[in-house]
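Working notes, structure below.
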Amino acid sequence: MRTRTAGPIALAAAAVLTLAACGGSDDADSGSTPEVSDVEAADFPEGSTMAALAEAGSITVGTKFDQPLFGLVGPDGTPEGFDVEIAKIIAGALGIPEDGIEWKETVSANRESFIESGQVDIVVATYTINDERKQVVSFAGPYYEAGQSILTLASNEDIQGPDDLAGKKVCTVSGSTPEANLLENYPDTEVVPFGAYSDCLEPLRGGQVDAMSTDNVILAGFAADDPTFEVRGEPFTQEPYGIGLALDDTDFRMWINDVLEQAYEDGTWTEAWEATAGSVLPTPEPPAVDRY
Ligand code: GLU
């Protein structure tokens, strides 16, 4: 059996040089468009998911379609954002070009079931790694660390942190970690769950809810798009974002971790950030991957 690390990773590094030569600013709206490496199925271990995907020349990726900065569908029907760029980096390292990626909308509540049923090969969707989810899916990464925060109307000074949510109506999304945290740790808060975060915007604008709560970076995207809204206080949880994949596919998980580490080292990860979420948020250090 062949080992596969050197081929795709070295080629991914070469892709960065091409990317750097292209320059970033023209691509700011659509992402950093990482180059596609020149690997073939035979470069991967026989029978691996990597070999199967490379052979097919296509990958199905679950992502959000309604979240600015991370996964937001543009006018052409293709999503854009940091999660989308992470998926493109993984696809590129499999030799799969952008037009070989099938984007499937996932909402918070269906990510595990989409992976379990094989409807998607991976999920890259502001997806927090936690022990409960690890019972049913696996996670490569983390590739970013977010934290739960609060969005209110800019005119609302009453809510500055989670302790101010007692007696308030707070919109969030079914199946998300912020929903679980509010229900478990803030019992005096009236949780109003919707299917997707963008569903919270009009109720918040209209005063049907007092606040919306989810990860700080998701809220930052909505606030950047509309100054009616402001993010309040500091993050009050840790939300390490992972790439979800089938529970027992350790080889694929470890290979994605290799790809991430390579992207950290060669600057591809930073390019992806700066072309997307970096338009609003400072560029962080990439987090260490967790090879559990
Ligand atoms: N990161 C959190 C989660 O995975 C909240 C964001 C989301 O719902 O996508 O549940």
Side-chain angles (χ1 to χ4, degrees), residues 24-25 27-32 61-88 103 105-108 111 123-128 141-154 156 159 170-179 181 193-205 209 211-243 269-284 286-287:
S25 55
D27 299 330
D29 287 335
S30 58
S32 63
V61 178
T63 195
K64 298 294 185 80
F65 277 17
D66 71 325
Q67 292 178 190
L69 308 181
F70 279 74
L72 181 69
V73 164
D76 67 349
T78 311
E80 295 172 0
F82 185 59
D83 282 340
V84 170
E85 294 308 305
I86 293 291
K88 286 181 196 168
W103 303 104
E105 182 176 18
T106 47
V107 295
S108 302
R111 292 173 292 197
V123 165
V124 194
T126 60
Y127 197 9
T128 295
Y143 61 91
Y144 184 72
E145 300 261 9
Q148 187 175 352
S149 193
I150 297 164
L151 190 78
T152 66
L153 291 179
N156 180 348
I159 297 172
V170 180
C171 190
T172 188
V173 162
S174 304
S176 69
T177 51
E179 180 200 41
N181 183 35
F194 278 89
Y197 293 107
S198 53
D199 297 338
C200 289
L201 294 175
E202 290 318 306
L204 182 56
R205 194 190 310 281
V209 298
M212 162 179 176
S213 185
T214 186
D215 299 341
N216 55 341
V217 291
I218 299 173
L219 299 176
F222 290 131
D225 277 359
D226 187 341
T228 314
F229 304 116
E230 272 181 20
V231 181
R232 297 292 183 208
E234 295 302 313
F236 52 95
T237 65
Q238 289 180 323
E239 309 290 335
Y241 287 175
I243 293 141
W269 182 92
T270 305
E271 289 272 349
W273 179 268
E274 288 175 351
T276 56
S279 62
V280 170
L281 298 161
T283 304

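With sequence neighbours left out, T126 forms a side-chain hydrogen bond (donor to acceptor under 3.5 Å, both in side chains) with Q67. Residues passing the side-chain hydrogen bond (donor to acceptor under 3.5 Å, both in side chains) test with T78, sequence neighbours excluded: D76. By the side chain to side chain contact (heavy atoms under 4.5 Å, CB included) test, E105 is found to be paired with F65, V107, residues two or more places apart in sequence or in another chain being considered. For the side chain to side chain contact (heavy atoms under 4.5 Å, CB included) test, residues two or more places apart in sequence or in another chain that qualify with V231 are S149, L151, L219, A223. For P284, the side chain to side chain contact (heavy atoms under 4.5 Å, CB included) criterion is met by Y144, W269, W273, not counting sequence neighbours. E202 meets the side chain to side chain contact (heavy atoms under 4.5 Å, CB included) test with R205; sequence neighbours excluded.
For the pair R111 (side chain) and A125 (backbone), a donor-acceptor distance under 3.5 Å is present. Between the side chain of D215 and the backbone N or O of A146 there is no donor-acceptor pair closer than 3.5 Å. A donor-acceptor distance shorter than 3.5 angstrom exists from the side chain of T172 to the backbone of S213, with no hydrogens or angles considered. In this structure, T237 contributes its side chain and Q148 its backbone to a donor-acceptor pair below 3.5 Å. The backbone N or O of F194 sits nowhere less than 3.5 Å from a side-chain atom of D199 that would complete a donor-acceptor pair. T63 contributes no side-chain N or O that, together with a main-chain N or O of G71, makes up a donor-acceptor pair within less than 3.5 Å.
Among all heavy-atom pairs drawn from S198 and D66, the shortest one is OG-OD2, 2.7 Å. Residues P142 and P287 come closest through the heavy atom pair O-CG, 3.5 Å. Across every non-hydrogen atom of M212 and L204, the tightest pair is CB-CD2, 4.2 Å. Here the shortest heavy-atom pairing between A220 and L69 reads C-CD1, 4.4 Å. Considering every non-hydrogen atom in both P227 and A154, the closest pair reads O-CB, 3.7 Å. Residues S108 and K64 share a closest heavy-atom pair of OG-NZ, 3.1 Å.
Side-chain atoms of Y241 and D83 include no donor-acceptor pair closer than 3.5 Å.
At least one side-chain heavy atom of V124 sits under 4.5 Å from a side-chain heavy atom of Y143. At least one side-chain heavy atom of W103 sits under 4.5 Å from a side-chain heavy atom of V84. Residues I159 and I150 are in side-chain contact: their nearest non-hydrogen atoms beyond the backbone lie under 4.5 Å apart.
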> What's the verdict on side chain to side chain contact (heavy atoms under 4.5 Å, CB included) for V123 and I243, showing C-alpha distance, side-chain angles and the deciding distance?
Replying inline: CA-CA 6 Å; V123 165; I243 293 141; over 6 Å; no

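Expressed to the nearest 0.5 Å, how far OG1 of T228 lies from CG of L201 amounts to 9.5 Å. The distance from the CD atom of E85 to the CZ atom of F70 is 12.0 Å, given to the nearest 0.5 Å. Summarising the geometry, atom CZ belonging to R232 is positioned 6.5 Å from atom CG belonging to N156; distances are rounded to the nearest 0.5 Å. To the nearest 0.5 Å, atom CD of residue E239 and atom OG1 of residue T214 are 7.5 Å apart.
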